[in-house]
2 protein chains.
Amino acid sequence: MVKRTSFEGDACPIARSLEAIGDWWSLLIIREALFGVRRFGEFQSKLGMAKNILAVRLRALVDHGILATAPASDGSAYQEYVLTPKGRGTFPILVALRQWSEAFDDHPEEIATILVDREKGRPVRKLELRAEDGRLLSPADTTLKPRPAPRRRSA
Amino acid sequence: MVKRTSFEGDACPIARSLEAIGDWWSLLIIREALFGVRRFGEFQSKLGMAKNILAVRLRALVDHGILATAPASDGSAYQEYVLTPKGRGTFPILVALRQWSEAFDDHPEEIATILVDREKGRPVRKLELRAEDGRLLSPADTTLKPRPAPRRRSA
DNA sequence: GGCACATGGTTTTATGATGCAACCACACAA
DNA sequence: TTGTGTGGTTGCATCATAAAACCATGTGCC
């Protein structure tokens with residue numbers, strides 16, 4: 001088997017999320033969905049991707065519970081693809097990717113847009129990782145621990 | 001051409017970052033590197049991936065300025081792969097992926113590790129997006145604006 | 001120096017994924 | 001009923017990936 005190395009059973013949460021959204025198109029589809037895109041043709045024209053893989057990706061995202069198909073909305077009998085809460089939960093991932101580009105891209109002048117807070121129109125803050133008590137954490141300030149066993153009733 | 005649809009010239013910063021780290025293995029390699037892995041064989045055995053694509057990925061990450069090759073460190077004349085600042089800058093992306101899995105995975109009990117603050121050993125806070133003035137922002141509270149033209153000296 | 005072995009890859013070959021174009025099914029309108 | 005637009009599926013060519021074999025260099029030991 002040469003199957004593209006599934007991470008489905010992997011214990012690492014990063015690998016698990018990549019299993020769902022780790023391919024070239026899925027995150028871009030989610031990005032468009034966060035901007036309100038819902039229709040097949042709209043995804044296809046905005047992303048400029050082949051229709052067959054768009055169909056495959058949309059199905060996979062629906063299977064993963066990231067998108068859901070809604071029967072209609074504008075009257076036409078076609079279906080739409082809307083984000084589930086799980087899908088909207090990817091927002092920090094997209095923001096992190098965006099901020100990484102903004103901070104480290106070799107040609108930042110080619111980046112066309114900035115993410116702003118809608119109310120004030122001002123750029124958002126950078127995402128930062130903090131400890132429970134509020135201290136700012138760098139990668140070196142963190143470590144991994146085994147997950148505590150889930151408490152069972154009859155234990 | 002069927003070439004895998006490069007996003008190199010794309011104006012969207014998310015697409016640009018996916019161009020560099022949007023494939024199956026790169027983020028996992030970076031994850032290992034953040035844990036201190038430096039040697040080819042160490043990446044290969046920990047990730048269980050084919051050596052040829054590991055070689056291709058490492059080269060690509062070096063080309064993108066995410067890893068750098070260091071001449072040695074433990075005496076042996078082999079080379080090592082160490083993260084650059086740009087590489088360490090992906091940390092929030094990995095944390096966001098991890099937290100997304102923790103929050104939405106269908107089988108969270110299979111996740112083996114939790115990210116804790118090294119000093120206290122307590123779980124870290126969730127990443128959150130805030131406005132300049134500190135307000136917590138949801139996706140709907142944000143919007144995109146065209147990037148302001150860079151100020152030139154002779155303008 | 002010479003030999004075995006480990007490290008760090010490259011080459012070969014098979015298969016899965018991607019991209020494009022063509023085709024098809026259905027809804028809606030004239 | 002013919003036409004048009006949306007929303008896909010199917011075929012085929014090409015690319016990327018994976019596994020295993022191979023190879024080059026370094027390292028340890030005598």
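Basis for what follows: all heavy atoms, side chains included, without hydrogens, waters or symmetry-related copies.
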Sequence neighbours excluded, which residues qualify as side-chain hydrogen bond (donor to acceptor under 3.5 Å, both in side chains) partners of [X]?
X: A:T69; answer: none
X: B:S26; answer: B:D23
X: B:S45; answer: none

For this session: Look up atom CG in A:D141 and atom CG in A:L129, then write down how far apart they are to the nearest 0.5 Å.
Result: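 Taking CG in A:D141 and CG in A:L129, the distance rounds to 9.0 Å.
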Exercise. Between the side chains of A:R98 and A:T113, does any donor sit under 3.5 Å from an acceptor?
Worked result: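 There is such a pair between these side chains.
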Exercise. Are A:S138 and B:R88 linked by a side-chain donor-acceptor pair shorter than 3.5 Å?
Worked result: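 No donor-acceptor contact under 3.5 Å links the two side chains.
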Let me know the distance between [atom1] of [X] and [atom2] of [N], rounded to the nearest Å.
X: A:L54; N: D:dT9; atom1: CG; atom2: C1'; value: 13 Å
X: A:L18; N: D:dT17; atom1: CG; atom2: C1'; value: 16 Å
X: B:R57; N: D:dA18; atom1: CZ; atom2: C1'; value: 12 Å
X: A:L47; N: D:dG7; atom1: CG; atom2: P; value: 15 Å
X: A:I53; N: D:dT14; atom1: CD1; atom2: P; value: 17 Å
X: B:D23; N: C:dG16; atom1: CG; atom2: P; value: 20 Å
X: A:Q44; N: C:dG19; atom1: CD; atom2: P; value: 12 Å
X: A:W24; N: D:dT17; atom1: CH2; atom2: C1'; value: 14 Å

Exercise. Under the 3.5 Å rule, do the base of D:dG11 and the side chain of A:N52 count as making a donor-acceptor pair?
Worked result: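 Checked by distance alone, the answer is yes.
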Exercise. Using a cut-off of 4.0 Å between protein heavy atoms and nucleotide atoms, how would you tag nucleotides 3-9 of chain C 5' to 3' with B, S and -?
Worked result: ---BBBB
Problem set entry | Electrostatic pair A:R135-B:E119, nearest N-O below 4.0 angstrom |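 B:E119 and A:R135: salt-bridged.
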Exercise. Of the options B:L97, B:I14, B:V95, B:L94, which is the one that meets A:I93 in a side-chain contact (heavy atoms from CB on, under 4.5 Å)?
Worked result: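 Checked B:L97, B:I14, B:V95, B:L94 against A:I93; only one passes side-chain contact (heavy atoms from CB on, under 4.5 Å): B:L97.
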Exercise. With respect to the phosphate group of C:dG19, does any side-chain polar atom (N or O) of A:W25 fall under 4.0 Å of OP1 or OP2?
Worked result: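 Result: yes.
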Name every donor-acceptor pair, under 3.5 Å, that has one atom in a side chain of residues 120-128 of chain B and the other anywhere in the protein, sequence neighbours excluded.
from	atom 1	to	atom 2	distance (Å)
B:K120	NZ	A:D133	OD2	2.6
B:R122	NE	A:E132	OE1	2.9
B:R122	NH2	A:E132	OE2	3.1
B:R125	NE	A:A131	O	3.2
B:R125	NE	A:E132	O	3.4
B:R125	NH2	A:E132	O	3.4
B:E128	OE2	B:R130	NE	3.3
B:E128	OE2	B:R130	NH2	2.6

Problem set entry | Terminal axis angle for the helix from C:dG1-D:dC30 to C:dA30-D:dT1, five pairs an end, nearest 10 degrees |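 Answer rounded to 10°: the end axes differ by 20°.
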